[in-house]
Chemist: 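Quick one: structure below, then a few questions.
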Amino acid sequence: MKKEKSMNELNQNELNIVTSKARADKAINSLKGILLGINLDQKVNEREFAELKKWSQNHKELINRNPFKEFMTIINETVSNRIPEKETIEDLYWLCQKYESNNYYYNAVTTDLQTLQGICHGILADGIVNEKEVYDLGKWLEENTHLNTYYPYDEIRSLILSIISDGNIDVEEKLILKAYLNQFVNLENKEVAKQIKKDTLDVNISGHCTSEPNVYVDGKTFCVTGVLKSGNRSELEKLITDLGGIPTRTLTKKTDYLIVGDNGNPAWAFACYGRKVEKALDMRKRGHTISLIHEFDFMDAIEDLRYKSNQYIAYKKVILLNQG
């Protein structure tokens with residue numbers, strides 16, 4: 001029994017050695033996002049810096065691996081020598097970038113998704129979501145559209161677009177965003193986490209359709225849910241078939257798109273509900289890149305495809321006429 005235990009410990013030690021690079025890279029990507037999130041409003045308060053310190057302490061198993069030695073040195077010097085917190089955040093971010101340029105364990109998508117999770121963490125570090133953070137998060141999402149179709153990028157971007165669409169961000173919208181981001185964050189400061197949970201206790205979190213989706217029909221599998229406003233399901237399924245797509249009645253791992261029907265609710269463009277939607281969201285959380293798209297967005301995409309197809313046909317006719 002004792003021998004078996006020591007073998008298990010040995011295997012675990014070997015595993016830690018093998019995976020330490022991956023864990024370090026993941027931590028760096030997360031930290032980079034936290035720093036971005038904290039500094040979005042160009043201000044660093046005591047709560048935010050305290051969250052950063054707690055995060056560092058809870059990653060002390062990486063302390064002997066660069067650049068974590070430098071991180072801890074910078075943080076300790078900030079506390080002891082009263083260096084401005086904002087300057088420290090910028091120094092740490094620079095160190096993350098330096099590390100990132102020399103090491104690349106994960107692919108770009110995984111790295112940026114980890115950074116996004118860190119940004120959410122940084123925004124919630126002080127338990128407050130302000131307007132500048134909302135707009136700057138929207139800007140970061142706009143600059144990283146290569147994450148389109150990946151969870152939780154689509155969901156967060158759709159929610160942000162719905163919040164800023166009227167140019168006015170009210171208290172309720174900030175509360176909804178706080179509740180939504182909190183799903184992807186595990187705050188080290190338990191007092192702040194407890195306050196956020198209390199603040200958002202009555203907020204109903206729903207799924208969100210992909211905004212400005214990239215739709216490819218040929219060879220792709222589609223499933224439909226909800227009440228359609230542009231026609232009935234049979235007509236939509238025939239349209240998908242005519243364009244080379246594969247319509248199905250059930251949601252599976254092979255499904256590429258879930259088309260969500262409009263129910264007459266103006267908020268339906270972003271908020272998605274229903275059994276199939278819930279299943280699709282669970283699949284996305286497990287890593288499947290199924291896209292939830294609104295009925296009208298799908299029809300717009302079809303119109304674009306038809307327009308491009310007609311342009312191509314016209315172009316071919318001109319070429320043939322010139323050759324004749």
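In this chain, numbering begins with 1 at the start of the sequence shown. In what follows, every heavy atom counts, from backbone to side chain, and hydrogens, waters and symmetry copies are set aside. Please read these numbers as outputs of a predicted model, since none were measured by experiment.
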Chemist: With sequence neighbours left out, what residues match Lys220 under side-chain contact (heavy atoms from CB on, under 4.5 Å)?
Modeler: Tyr216, Phe222, Asp256, Tyr257

Chemist: Starting from Leu124, can I reach Ile128 by hopping between I/L/V/M/F/W/Y residues whose side chains sit under 4.5 Å apart?
Modeler: no

Chemist: Take Leu292 and Arg284 through the test side chain to side chain contact (heavy atoms under 4.5 Å, CB included) and record every step on the way to the result.
Modeler: CA-CA 10 Å; Leu292 285 75; Arg284 283 177 60 77; 3.5 Å; yes

Chemist: Give me the atom names and distance for the closest heavy-atom approach of Glu48 to Lys43.
Modeler: OE1-O, 3.4 Å

Chemist: Once rounded to the nearest 0.5 Å, what's the spacing between atom NE2 of His146 and atom OH of Tyr153?
Modeler: 8.5 Å

Chemist: Over all heavy atoms of both residues, which pair between Ala125 and Leu187 is shortest? Give the atoms and the distance, please.
Modeler: CA-CD2, 4.0 Å

Chemist: Is Leu31 close to Leu92 at the side-chain level, that is, under 4.5 Å between some pair of heavy atoms?
Modeler: no

Chemist: What closest approach, in Å, do Leu228 and Gly261 show between heavy atoms, and which atom pair accounts for it?
Modeler: CD2-CA, 3.8 Å

Chemist: Considering residues at least two apart in sequence or located in another chain, which fulfil the side-chain contact (heavy atoms from CB on, under 4.5 Å) criterion with Glu172?
Modeler: Asp170, Ile176

Chemist: Has the side chain of Ser158 got a donor or acceptor atom that lies under 3.5 Å from a matching backbone atom of Glu155?
Modeler: no

Chemist: Between Asn168 and Glu173, which heavy-atom pair has the shortest distance, and what is it?
Modeler: O-OE1, 3.1 Å

Chemist: With rounding to the nearest 0.5 angstrom, report the CD to NZ distance, Gln42 to Lys132.
Modeler: 5.0 Å

Chemist: Applying side-chain contact (heavy atoms from CB on, under 4.5 Å), name anything that partners Met283, two or more places apart in sequence or on another chain.
Modeler: Leu251, Lys279, Arg286, His288, Ile290

Chemist: Looking at Ile160 and Gly138, what are the two nearest heavy atoms and their distance?
Modeler: CG2-CA, 3.7 Å

